[in-house]
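Just below is one structure, and these are the notes that go with it.
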Number of protein chains: 2
Amino acid sequence: MGPNPTALILRGDFRAAAATLTMIETQDPKARPILKRLYPHTGHAHIVGVTGAPGVGKSTLISGMTGELRKRKKTVGILSVDPSSPFTGGAILGDRVRMLQHSGDKGVFIRSMATHGGSGGVCGAVRDAVHLLDAMRRDVIFIETIGVGQDELDVSILAHTVVVVLNPSSGDAIQWMKAGLFEIADILVVNKTDLPGAEGMFQGLQGLFEDSAVAVFKTLAKDSDGISSLIDGLDKHRTAVLSDDSHAARQLHLCREQLLSLVREKIRSRLEKRMDPAVIDSLTERVAARTLDPYTAADQILKQAGLHEL
Amino acid sequence: MGPNPTALILRGDFRAAAATLTMIETQDPKARPILKRLYPHTGHAHIVGVTGAPGVGKSTLISGMTGELRKRKKTVGILSVDPSSPFTGGAILGDRVRMLQHSGDKGVFIRSMATHGGSGGVCGAVRDAVHLLDAMRRDVIFIETIGVGQDELDVSILAHTVVVVLNPSSGDAIQWMKAGLFEIADILVVNKTDLPGAEGMFQGLQGLFEDSAVAVFKTLAKDSDGISSLIDGLDKHRTAVLSDDSHAARQLHLCREQLLSLVREKIRSRLEKRMDPAVIDSLTERVAARTLDPYTAADQILKQAGLHEL
């Protein structure tokens, strides 16, 4: 990396951005000073979460939206936290976006982030990556994720707009609703309108959300059908959110939640450095043998780490 | 609740168990001494995680397995962490099991647990609930969960045997595989064999896992087809796990992970009590205004809480 990664990233240098993202992912402390200097330059991007079950076509949809945004001269950043795409198998998004990139388009920056390993770190890494892309002056940043119960990555505390993607074939709108997925949705997309049941599902959802702030769209992402309207819908939501009196309150809420998650991460990593593995091993053995209960053992670990008076 | 909930629970009293589970769910500190006294009586149950997307028929499958286990004179406990069932809408399991319960069968205890509210608390509450049901001498405890990326509830650190349920209709075995769901599976079940593609999917999975320790089953849970073989498969896995040299190591690993998650919960709740809301509000406002970066703000919160030297 060059002598001043912050300046390079602010200028939109892909290589410096990629190197810093790797540091973020591997929890390299050298990322921290860069992020601190980038932070004042954030706050411009429209951050859009795109969530839904595997196979609903999130990647194809993001690819289509990216093409449309490029036509509109907008720059795009994509963070794919869905492990099924784009580089570990979801070839469609990877290929299409790489095509754009290889054709010399510096308007699209894409990065996949690992969800495995490092429990608790996913949300923090994605949050930091969003800050970085925001400072790179991406107009729109997509965060792609399998959204079901993925509490570690609560996309609704990172994104201004949450898009939930559904398929008519799954026929499980009611199930997803029960699962709480609709609670975080600002925009619902029925993708794969070439499948039977699409129109019925679309109209059903429209009826259901008629009197709400939730907008419902239908797309056939692979043919780019409906994409332009969806982008209009994203813009409209962004505008509504910005003009809304409650916007400032919501922004503060997001900031607060992100700040608290950062505090928790810090405590956690420091704690792990303080704990004596030998003590933990010996307590674990006693708990496994049922000669000690885990609640008392946890108190003993805190004591050993000097945290019992906390 | 009676004068000695611990003794009542050990005797299998449903009312005392339910009251204590409510305390666990609401994070009432009065649950802790009860759990401490119950813990030495745990370690007998076969703990089985049942996971899969909404609508694959997890509830119906658990209902079927419960019926079969009752025929075999086994007692059953069910913890449903899937918000879509059983009491919030998944009527099938609720109704069937309530039928058993209402017919005077004290061999089945069922409880649904909320996944919303109280970030970080889900896994802890489920772990405590498993200990309680184990102390109640349930032979088999099912933990029902939507398993996708639900990091907060990592069922693989709670269960001896993880059953992943799939549908042929979803046609997305490959997608789930990419999503890492198969990594935690000990047993795969292709449910709804009356749907087209079931036999193909079953044979495909059998081929895929031929040389592995993963067993593949097919069921039509609503007609109880294949349930008896599946229960045999669960027993076989339990026996294999117990006779395996690596069993003790795995048990220790589970104990250790559970212990560490308990330590983290404790730190978290104590930290939250220590933080000054006014300080957090003022720092949040500065972060939102981009006059302060969140990393420096997090350090200031730690300092205010007296944890900067941690």
Side-chain angles (χ1 to χ4, degrees), chain A residues 32 35-36 39-40 42-43 53-55 82-84 88-90 115-116 119 122 146 148-153 170-172 175-176 178-180 251-252 255-256 258-260 262-264 266-268 270-271 274 280-281 283-285 287-288 290 293-299 301-302 307 310, chain B residues 32 35-36 39-40 42-43 53-55 82-84 88-90 115-116 119 122 146 148-154 170-172 175-176 178-180 251-252 255-256 258-260 262-264 266-268 270-271 274 280 283-285 287-288 290 293-299 301-302 307 310:
Chain A
R32 217 21 77 92
L35 286 164
K36 283 188 184 187
Y39 190 76
T42 62
D82 176 344
S84 72
T88 58
T115 55
H116 292 290
S119 51
V122 180
I146 301 178
V148 189
Q150 201 170 21
D151 297 49
E152 287 275 326
L153 177 65
S170 55
D172 54 8
Q175 292 280 354
W176 291 114
K178 286 184 205 157
Q251 279 303 305
L252 275 181
C255 258
R256 189 188 160 93
Q258 290 183 27
L259 189 53
L260 292 179
L262 194 55
V263 170
R264 283 183 213 113
K266 275 178 180 271
I267 297 246
R268 187 169 173 148
R270 289 179 197 191
L271 175 73
R274 271 197 175 212
I280 292 170
D281 286 349
L283 289 171
T284 298
E285 277 168 31
V287 170
R290 262 77 187 174
D293 72 81
Y295 315 99
T296 304
D299 284 334
I301 290 173
L302 289 175
L307 292 168
L310 187 61
Chain B
R32 213 28 71 90
L35 286 163
K36 283 188 184 188
Y39 190 76
T42 64
D82 177 345
S84 72
T88 59
T115 55
H116 293 289
S119 51
V122 181
I146 302 178
V148 189
Q150 201 171 22
D151 297 48
E152 286 277 324
L153 178 65
D154 186 353
S170 57
D172 55 6
Q175 293 280 356
W176 292 114
K178 286 184 201 156
Q251 279 303 306
L252 273 181
C255 258
R256 189 189 161 94
Q258 291 183 26
L259 189 53
L260 292 179
L262 194 56
V263 170
R264 284 184 212 114
K266 275 178 178 270
I267 297 246
R268 189 169 172 150
R270 289 179 196 191
L271 175 72
R274 271 196 173 212
I280 292 171
L283 290 171
T284 298
E285 276 169 31
V287 169
R290 260 80 189 171
D293 72 79
Y295 315 99
T296 305
D299 283 335
I301 290 173
L302 289 175
L307 293 167
L310 187 63

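Atom set for the values below is all heavy atoms of this structure, side chains included, hydrogens, waters and symmetry mates excluded. Labels below follow one simple rule: chain letters A, B, ... track the order of the sequence lines, proteins then strands, and each chain is numbered from 1.
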Minimum heavy-atom distance between B/L252 and A/T284, given as atom pair plus value = O-CG2, 3.3 Å

Do you know the tightest heavy-atom contact between A/K266 and B/Y295?
-> CE-O, 4.0 Å

For A/V287 and B/C255, work out which heavy atoms get closest and say how close.
-> CG1-SG, 3.9 Å

Which atom pair, heavy atoms only, marks the closest approach of B/Y39 to A/D293?
-> CD2-CA, 3.5 Å

Region of B/L260 in contact with chain A, defined by heavy-atom distances below 4.5 Å | side chain

What are the two closest heavy atoms between A/L259 and B/P294, and how far apart are they?
-> CD1-O, 3.4 Å

Nearest-0.5 Å distance that lies between atom CG in A/D281 and atom CZ in B/R256 | 5.0 Å

From B/K36 NZ over to A/D299 CG, what is the distance, rounded to the nearest 0.5 angstrom?
-> 5.5 Å

To the nearest 0.5 Å, atom CD1 of A/I301 lies from atom CG of B/L262 at 8.5 Å

